[in-house]
Amino acid sequence: MGRPLAFDRNVVLEQVTNLFWRQGYQASSISNLVEASGLQPGSIYNAFDSKQGLFLEVLEQYGRNSLERAERMVGQAVPVIPGIEAFFEHLVGLSSDDPDARGCLLINTLLELSGQDSVIEARVLDMLARIEGAIHHGLLQARKRGELKPACNTEQLARYLMMSLWGMRVMSRTRRSREELQSSIDLMMRVVRAEAV
């Protein structure tokens with residue numbers, strides 16, 4: 001029986017997440033990962049099978065945190081419209097307070113690897129679909145509670161919010177100011193409020 005791995009998996013994932021997030025998947029070499037994690041190459045391969053395996057775990061952890069935030073702030077929000085506004089204002093804060101202007105790891109990865117790595121692409125698309133699903137769930141429940149117009153197309157509105165999220169997170173990489181990002185969110189919320197009863 002082999003010796004147990006003598007490191008904290010969550011700490012390693014956090015350390016390499018920062019590297020992947022700053023540099024992207026392709027530019028992060030095994031030697032970069034060794035330096036970031038403090039592990040030897042053999043330990044990385046033993047624990048995660050490959051660079052791709054390590055990155056998939058990073059994406060899973062990051063995506064799970066993003067999904068939990070969407071579920072908590074929008075999917076379970078009562079009433080839903082203040083929840084949507086709080087969710088997007090939180091993202092404005094994350095974006096404008098990030099000195100490295102990293103944007104969203106999921107969206108960055110899709111833009112970087114679309115058409116190049118089908119396994120990673122499928123994982124990211126699944127996570128983004130689950131986040132959109134959480135937003136749609138919140139809108140659907142809000143319509144049932146009478147917060148939104150009966151004719152509100154909740155699926156279309158969820159897609160619009162997801163597109164707004166994508167746009168904001170991509171634009172934040174160009175170091176847009178908090179005021180610029182907030183003005184876009186204010187305009188988006190006018191569209192959302194138009195669906196309220």
Could you report the tightest heavy-atom contact between [X] and [Y], atom names first, then the distance?
{"X": "R175", "Y": "P99", "answer": "NH1-O, 2.6 Å"}
{"X": "A142", "Y": "V80", "answer": "CB-CG1, 3.2 Å"}
{"X": "N108", "Y": "G103", "answer": "ND2-C, 4.3 Å"}
{"X": "Q61", "Y": "N10", "answer": "NE2-OD1, 3.5 Å"}
{"X": "A47", "Y": "F7", "answer": "CB-CZ, 3.6 Å"}
{"X": "R9", "Y": "E57", "answer": "NH2-OE2, 2.6 Å"}

Approximate separation, where rounding is to 0.5 Å, of [X] [atom1] and [Y] [atom2]:
{"X": "E89", "Y": "Q182", "atom1": "CD", "atom2": "CD", "value": "4.5 Å"}
{"X": "L181", "Y": "D186", "atom1": "CG", "atom2": "CG", "value": "11.0 Å"}
{"X": "R173", "Y": "S95", "atom1": "CZ", "atom2": "OG", "value": "11.0 Å"}
{"X": "H136", "Y": "L161", "atom1": "NE2", "atom2": "CG", "value": "11.0 Å"}
{"X": "H137", "Y": "I135", "atom1": "NE2", "atom2": "CD1", "value": "12.5 Å"}
{"X": "L39", "Y": "I30", "atom1": "CG", "atom2": "CD1", "value": "11.0 Å"}

In terms of hydrophobic clusters joined by side-chain contacts under 4.5 Å, are [X] and [Y] together?
{"X": "V124", "Y": "M163", "value": "no"}
{"X": "V119", "Y": "L105", "value": "yes"}
{"X": "L128", "Y": "M171", "value": "no"}
{"X": "I81", "Y": "L140", "value": "no"}

Does some side-chain heavy atom of I185 sit less than 4.5 Å from a side-chain heavy atom of L91?
no
Is there a donor-acceptor pair closer than 3.5 Å between any side-chain N or O of [X] and the backbone N or O of [Y]?
{"X": "R143", "Y": "C152", "result": "yes"}
{"X": "S114", "Y": "L111", "result": "no"}
{"X": "E121", "Y": "G115", "result": "yes"}
{"X": "K51", "Y": "I44", "result": "no"}
{"X": "E112", "Y": "Q26", "result": "yes"}

Identify which one of Y25, Y62, F48, W21 satisfies the ring-ring contact (aromatic ring centres under 6.0 Å, His included) criterion when paired with F55.
Y25
Checking side-chain polar atoms at under 3.5 Å, does N32 have a donor or acceptor matched by the opposite partner on S29?
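Side-chain D/A pair, N32 to S29: present.
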